[in-house]
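Below: one structure, written as structure tokens.
Ligands are counted one by one from 1 in listed order, and the atoms in each one are counted from 1 as well. For the numbers below, each heavy atom of this structure counts, side chains included, while hydrogens, waters and symmetry mates do not.
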Amino acid sequence: MCIPSYGENYLFKKTLHYDNNNLTLNNNNNNNNNTGEINQHHLPKAIIIGVKKCGTRALLKFISAHPDVAASLNEVHFFDQNYHNGLDWYRNQMPLSSPHQITMEKTPQYFINNRSVYRIAKTFSNIDLKLIIIIRNPIIRAISDYVQLTTKRKSNLTFEDYVFIKNSTIVNEQWTPLKIGCYSRYLIKWLKYFSLNQIHFVDGENLIKRPWEELLRVQQFLNLTIHIQRKHFYFNRYKRSFPCIKDHFHPTKNGCLGSSKGRKHPKIRDETRIVLENYYKTCNNRLKQIAKINFPWL
Ligand SMILES: Nc1ncnc2c1ncn2[C@@H]1O[C@H](COP(=O)(O)OS(=O)(=O)O)[C@@H](OP(=O)(O)O)[C@H]1O
């Protein structure tokens with residue numbers, strides 16, 4: 001991994017006790033777990049860096065059912081927003097975990113944020129960090145982003161009002177929910193610092209239909225023993241048939257996602273879909289080439 005110099009050494013000055021090799025820091029929050037190991041805050045060994053609205057929350061929830069995963073359930077936004085707080089702050093956002101566990105976080109903003117790319121590369125320059133990127137059909141992703149936006153703004157504008165430049169059939173390429181779906185544009189920036197074998201791609205469309213298949217691959221990528229299987233999932237009709245997890249390891253937790261996930265999507269016009277399929281064709285082909293993946297919707 002080649003690391004640029006961006007004059008951001010202040011981050012490292014704040015972390016004199018940082019041990020690059022074992023990702024731990026002695027602090028006063030130690031706890032003994034039931035195997036006698038000491039629980040501490042650890043930096044992540046794997047980060048779900050994106051992509052927004054592709055199923056990042058579901059993926060983190062599902063993988064955190066694994067007994068060897070300790071996940072920060074909040075989006076930490078360290079590398080894009082809270083970097084000035086320093087690495088100790090970041091570490092302390094992580095849950096207590098034992099050395100053999102894999103600490104994880106997810107912040108989908110990292111994927112599209114240029115500063116996050118080189119900051120993550122620099123922070124983890126001596127560590128074999130694993131990156132997970134979940135992607136889905138970019139048209140559905142854009143609709144999901146649109147639904148979130150209109151829910152928050154209580155707006156009546158249609159999807160088409162945003163997609164096309166006013167009174168035209170020209171795609172508004174400046175609209176961020178459309179831009180994000182050109183995944184290859186962002187991925188090439190990550191590939192300047194990370195090799196493909198450090199990155200795992202999850203098919204967000206399949207995560208909704210057959211989550212156990214995606215979870216199997218994620219567990220393999222993280223070198224975990226396979227705990228999460230088909231039998232751990234059920235489809236909840238109250239959750240619009242999205243999958244939920246039976247978490248045997250944390251049986252009191254609700255296995256479904258909250259009400260802001262799995263929202264109803266509006267039907268979009270067939271012509272809009274055709275225009276967008278065309279719009280994303282080049283990006284999708286490029287992604288297949290550079291990521292060496294071939295998901296059915298790509
Ligand atoms: N199991 C399960 N339950 C509910 N929702 C699920 C699930 N798996 C994937 N999804 C899809 O995840 C979409 C939200 O993606 P993210 O979690 O990445 O959103 S965010 O970026 O954190 O806001 C969310 O988008 P919306 O359908 O628009 O709400 C879902 O389509």
What protein heavy atom is closest to [atom], reported as residue, atom name and distance in Å?
atom: atom 1 (N) of ligand 1; result: P243 O, 2.7 Å
atom: atom 8 (N) of ligand 1; result: A58 CB, 3.4 Å
atom: atom 27 (O) of ligand 1; result: H265 NE2, 3.3 Å
atom: atom 21 (O) of ligand 1; result: K53 N, 2.9 Å
atom: atom 6 (C) of ligand 1; result: F242 CD2, 3.6 Å
atom: atom 24 (C) of ligand 1; result: G262 N, 3.8 Å
atom: atom 15 (O) of ligand 1; result: G55 N, 3.1 Å

Using a 4.0 Å heavy-atom cut-off, which part of [X] comes near ligand 1: side chain, backbone, both, or neither?
X: F235; answer: neither
X: E214; answer: neither
X: C54; answer: backbone
X: R136; answer: side chain

Check your understanding: Which atom pair, heavy atoms only, marks the closest approach of A46 to L222?
Key -> CB-CD2, 3.7 Å
At a 4.0 Å cut-off, with the gap strictly under it, does some heavy atom of [X] reach an atom of ligand 1?
X: K264; value: no
X: I208; value: yes
X: K61; value: no

Atom [atom1] in [X], atom [atom2] in [Y]: separation rounded to 0.5 Å?
X: I165; Y: N172; atom1: CD1; atom2: CG; result: 5.0 Å
X: T103; Y: Q40; atom1: OG1; atom2: CD; result: 10.5 Å
X: I208; Y: E214; atom1: CD1; atom2: CD; result: 11.0 Å

Considering only heavy atoms, which of [options] lies nearest to [atom]?
atom: atom 16 (P) of ligand 1; options: L59, V51, T56; result: T56
atom: atom 23 (O) of ligand 1; options: Q109, K261, K52, R57; result: K261
atom: atom 25 (O) of ligand 1; options: P211, G255, G258, S144; result: S144

I'd like to know if [X] and [Y] make a salt bridge, using a cut-off of under 4.0 Å between side-chain N and carboxylate O.
X: K179; Y: E173; answer: no
X: D88; Y: R91; answer: yes
X: R136; Y: D203; answer: no

Review point. Do F242 and F235 have ring centroids that are under 6.0 Å from one another?
Key: no
With heavy-atom distances below 4.0 Å as the criterion, list the atoms of ligand 1 near [X].
X: E75; answer: 22 (O)
X: K106; answer: 22 (O)
X: F62; answer: 1 (N)
X: R263; answer: 26 (P), 27 (O), 29 (O)

Check your understanding: Distance under 6.0 Å and angle within 45° of the ring axis: does K246 meet both against F233?
Key -> no
Exercise for review: Tell me, please, whether F79 has R115 positioned over its six-membered ring: NZ or CZ under 6.0 Å from the ring centre and within 45 degrees of its axis?
Suggested key: no
Practice item. Please identify each residue that fulfils side-chain contact (heavy atoms from CB on, under 4.5 Å) with V147, with sequence neighbours left out. Key: I143, T151, R263, H265, P266
Revision key, fill the gap. Applying ring pair (Phe, Tyr, Trp, His ring centres under 6.0 Å) to H77 and not counting sequence neighbours gives none
Practice item. Mind telling me whether W190 and F111 have parallel, tilted or perpendicular rings, with 30° and 60° as the class edges? Key: parallel
